[in-house]
Amino acid sequence: MLSSCFYAIDDPRVSAKCDYSQHDVLMSAFACMYFQDPSLNEFQRQMEQEQHANNLRTLFGVSHIPRNTQLRDILDTIPPETLAPIFKEFFNRLRRHKHLEDYAIFPNLLLLAIDGSQYHNSKEIHCEQCLHKTHKNGDITYSHAVLQGAIMHPDKKQVLPVMPEAISNTDGSEKQDCESKAAKRFISNLKKAHPRQGFLVVGDGLMSHQPMIETYLEAGVHILFVAKPGDHKYMMEWIETFDDIPSYDYTDDKGMNHHYRWKNDIPLHGEADAIEVNYFEYIKTNAKGKVIYRNSWVTDMQLSAQNIVQMTLAGRCRWKIENECFNTLKNQGYHIEHNYGHGKKHLSHNMYLLTLLAFYFHQIFELTDGAYQACRKKLVSKRYMWEKFRNIISFFIMDSWEMVMDFVLNRETYKIQAVKRD
Ligand SMILES: [Zn+2]
């Protein structure tokens, strides 16, 4: 499936002059991310050996394995937006096979958390598209970041990324790109990709100002943005003038008290053109009355005793984009901050996207693939499992990815023959 997506990407190069197809380049780099190999150079070097070349052919459909420098040179030229249809295709497949139904937070409404994250930071390595910051001593720090979105659900561990928006300098303008501008482009592209899908977008406190809320509502999505009382003093004072603020409390089995309070149709700020929003807050205290958690949000969804608990769960779910997505990409085997190569134009961002695609594949496996789930169960640690997969492909030629997993699960049924060499 991924193969046909890579083949579908337009290749502007003159074919007679090309040693390697874009498909083989994208797939070779993807294979490295897929197997969570920390060294692209080492992975490629191994793959050039005959046995590994066979695995790259059988598992990933790569005909000609590009050499390292060519792989990076070609990846540097591929516009990152050409990979967007792949994220859309995966999403549509999950939807068609009813896997997204379990993710609906309300009927036909998916919870999509968004957040910015930096994946490159250096004083030396940089490209045309790097963000840059000049320090007092004249040093310059270069960086790349993304505005990432992912579909999630309070009861689900797996998060499903959508095509991110790069936060980078592309148009040659003096003013640098920023998270806020990227957030506006992000929602426009998301709705273009999924025009009929309902979304409840969960964002942080930087999002809960009028221009951003209006942009999102005009795009046709619902919003649920953190609203810190300190950032919204007028709104908070306005709320406190009411004596009838709806609330709901309960104490759970562990003695924790859950306090919810909300107010619909209130002005976001004190200016004449203020939009009306619905505000709610949640405070969790332990049996001794100590506050364990507190947060507050604004939304366009009408709040009531019927949905306040679910809305709070939706708002609290936002941590998963940091923990289950960014943290996993940075620290749990994917090496997203690792410098696989930076390039002059698109290499850095394409490496991020291919890593994100590998993560997306694995999340889909966890959700839908019985053999993968069995491997996870058998080998317990994810890190150990991928080490095992890497070992298998470095020693044996495998016909398919299914065979790699089957080998882990039913090793004893495989007759491993030592070949005597003369
Ligand atoms: Zn750069």
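Counting convention: from 1, in listed order, for ligands and their atoms alike. Every value quoted in this text rests on a predicted model; they were computed, and no experiment measured them.
Computed with the Zn ion (ligand 1) at the centre, the C127 SG to H342 NE2 angle is 110°, stated to 10 degrees.
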Show your reasoning for whether salt bridge (Lys or Arg N to Asp or Glu O under 4.0 Å) applies to R93 and E89. CA-CA 6 Å; R93 277 180 175 240; E89 178 62 25; 3.1 Å; yes
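E366 has a carboxylate O that lies under 4.0 Å from a charged side-chain N of K382, or vice versa, which qualifies the two as a salt bridge. Between D177 and R185 there is a salt bridge, since a side-chain N of the basic residue sits under 4.0 Å from a carboxylate O of the acidic one. A salt bridge does not link E128 with K344: every distance from a Lys NZ or Arg NE/NH1/NH2 to an Asp or Glu carboxylate oxygen is 4.0 Å or more.
The name of the N, O or S atom in H144 nearest to the Zn ion (ligand 1) is NE2.
The nearest N, O or S atom of H126 is not closer to the Zn ion (ligand 1) than 2.8 Å. Backbone or side-chain N, O or S atoms of H120 do not reach the Zn ion (ligand 1) at under 2.8 Å.
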